[in-house]
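One structure is given below, encoded as structure tokens.
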There are 2 protein chains.
Amino acid sequence: MQDIMRVAAQVFCEKGYSDALTAQIAARAGVVEGTIYRYFPGKRELLIRVVEQWYERILADYDQQLRGVRGARARLRFLIWRHLTVIHNEPGMCRLIFNQLRAWPEYRRTTVFELTREYTRRTLAVLQEGVDAGEIRADLPLRIVRDMIYGGVEHHTWAYLRGEGDFAPDEAADAMTELVYRGLARAPPQSAAEATLRRLEALAQRLERSTAAR
Amino acid sequence: MQDIMRVAAQVFCEKGYSDALTAQIAARAGVVEGTIYRYFPGKRELLIRVVEQWYERILADYDQQLRGVRGARARLRFLIWRHLTVIHNEPGMCRLIFNQLRAWPEYRRTTVFELTREYTRRTLAVLQEGVDAGEIRADLPLRIVRDMIYGGVEHHTWAYLRGEGDFAPDEAADAMTELVYRGLARAPPQSAAEATLRRLEALAQRLERSTAAR
DNA sequence: CGCAAAGATGAGTGGAGCTCATTAGAATGC
DNA sequence: GCATTCTAATGAGCTCCACTCATCTTTGCG
């Protein structure tokens with residue numbers, strides 16, 4: 001049965017879900033087609049089991065690694081970078097998850113779903129750490145930030161997953177972390193700085209006039 | 001043929017792509033199955049044509065509306081809000097695009113693909129307007145911002161598209177615009193800037209006192 | 001009215017997931 | 001050491017669904 005799952009993982013990744021034929025998986029695994037259906041209720045369930053096994057492997061050392069990273073900003077960057085890196089290293093499986101698994105009604109009762117929830121929940125927790133430490137403002141819903149992070153990662157890697165073009169996990173992680181962390185705007189505090197600047201400029205002019213008058 | 005496309009749009013939206021049977025579409029359209037294949041090379045192409053027609057309708061008044069919105073920030077919010085609203089109003093079609101169409105190899109030669117590119121290109125243009133107007137910093141790649149916007153919208157609406165839960169386009173648009181515009185962080189650069197600002201203010205006060213004293 | 005061109009028909013085909021009666025092999029009992 | 005039972009593997013066949021094609025019908029034109 002482990003043979004079947006190993007072979008199925010290969011064939012699914014190579015050909016995609018619908019072009020991967022059960023007959024082909026059986027042949028490569030050295031069994032006959034019907035044998036697959038002794039262990040799996042159907043092709044869909046086979047994919048689900050394969051992806052679940054893979055995903056558990058991927059997340060195995062995840063918590064330990066995260067525990068080693070200190071500071072809300074670095075932790076946040078790690079989460080983003082990690083997601084980008086997994087996609088970059090294993091595009092086949094990620095394509096299966098994004099294009100097939102998540103579109104199915106069975107998805108919600110999958111451990112992939114549960115583990116993903118856990119994963120994104122950790123992102124919220126890290127953001128909250130930042131709020132508690134006074135590093136991040138809390139006047140916007142953190143859920144939206146999380147959605148923009150995960151959605152952004154997946155949108156950014158979309159072309160790569162189609163086999164068109166590439167992306168750099170490190171650079172993208174830097175940019176996204178920076179964006180989330182410091183934002184894009186010249187925000188209200190800066191207008192305070194501008195006011196101060198104007199006061200100083202006015203003072204400078206007055207001083208210049210008074211020194212010139214002497 | 002318009003009948004077939006109208007009926008197909010309905011059935012696809014109701015049942016999803018693979019549960020929508022060609023026989024069913026034909027029956028509801030009052031023709032026989034083979035007739036569909038006189039006008040369309042196959043079921044996939046039928047969906048593509050249906051979605052293309054819909055998408056053109058959706059984007060018909062789009063540019064005109066955008067032209068009516070002034071200011072980079074308001075324009076950006078409009079783009080985000082618009083995307084959210086379309087998803088909220090027509091979940092069936094959006095589900096078909098996100099789950100089926102975009103996963104197919106044919107997608108790239110679709111006008112849906114072209115129009116979407118146009119759509120996101122406009123977002124980059126609006127961001128660039130903000131940079132030119134001095135409203136937005138340009139020291140981070142705008143492509144990443146765009147990816148976080150569109151990815152964020154889709155990630156945020158994902159549960160809704162599955163028929164689980166709901167979301168509020170206006171609130172989400174506000175939050176995302178705010179996030180992109182002013183950022184989240186009381187970040188290191190800003191705390192440094194704040195320290196500098198306090199020193200400058202102190203300096204200004206000293207100078208003001210000394211000039212006043214004369 | 002005759003004829004040709006275009007359109008519609010529905011029985012039939014092919015392919016892929018899936019089933020099940022049968023067989024082979026292993027474990028257990030006496 | 002043979003018989004029995006229980007489990008696993010087999011592969012021919014079934015079903016479902018997209019798709020095809022020879023045939024029939026309607027329309028347009030002289």
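Throughout, protein chains are lettered first and strands after them, A, B, ... in sequence-line order, and every chain is numbered starting at 1. Note that these values count all heavy atoms, side chains included, but never hydrogens, waters or copies made by symmetry.
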Classify the ring geometry of A:His88 against A:Tyr160: parallel below 30°, tilted from 30° to 60°, perpendicular beyond 60°.
parallel
Does the A:Glu129 side chain pair with the main chain of A:Ala72, one donor and one acceptor, at a distance under 3.5 Å?
no
Ring centers of A:Tyr17, A:Trp104 separated by less than 6.0 Å:
yes
Working to the nearest 0.5 Å, report the span between CD1 of A:Ile58 and OG1 of A:Thr85.
10.5 Å
Under a 3.5 Å cutoff, is there a donor and acceptor pairing between the side chains of B:Thr116 and B:Tyr150?
no
In residues 14-27 of chain B, which residues come under 4.0 Å of DNA chain C by heavy atom?
none
Would B:Phe78 and B:Leu66 satisfy side chain to side chain contact (heavy atoms under 4.5 Å, CB included), going step by step from the backbone distance to the final call?
CA-CA 7 Å; B:Phe78 173 76; B:Leu66 180 60; 3.7 Å; yes
Report the relative orientation of the aromatic rings in B:Tyr107 and A:Trp158; use parallel for angles under 30°, tilted for 30 to 60°, perpendicular for over 60°.
perpendicular
Name every residue in residues 33-51 of chain A that has at least one heavy atom under 4.0 Å from any atom of DNA chain D, in order of residue number, or write none if there are no such residues.
A:Gly34, A:Thr35, A:Arg38, A:Tyr39
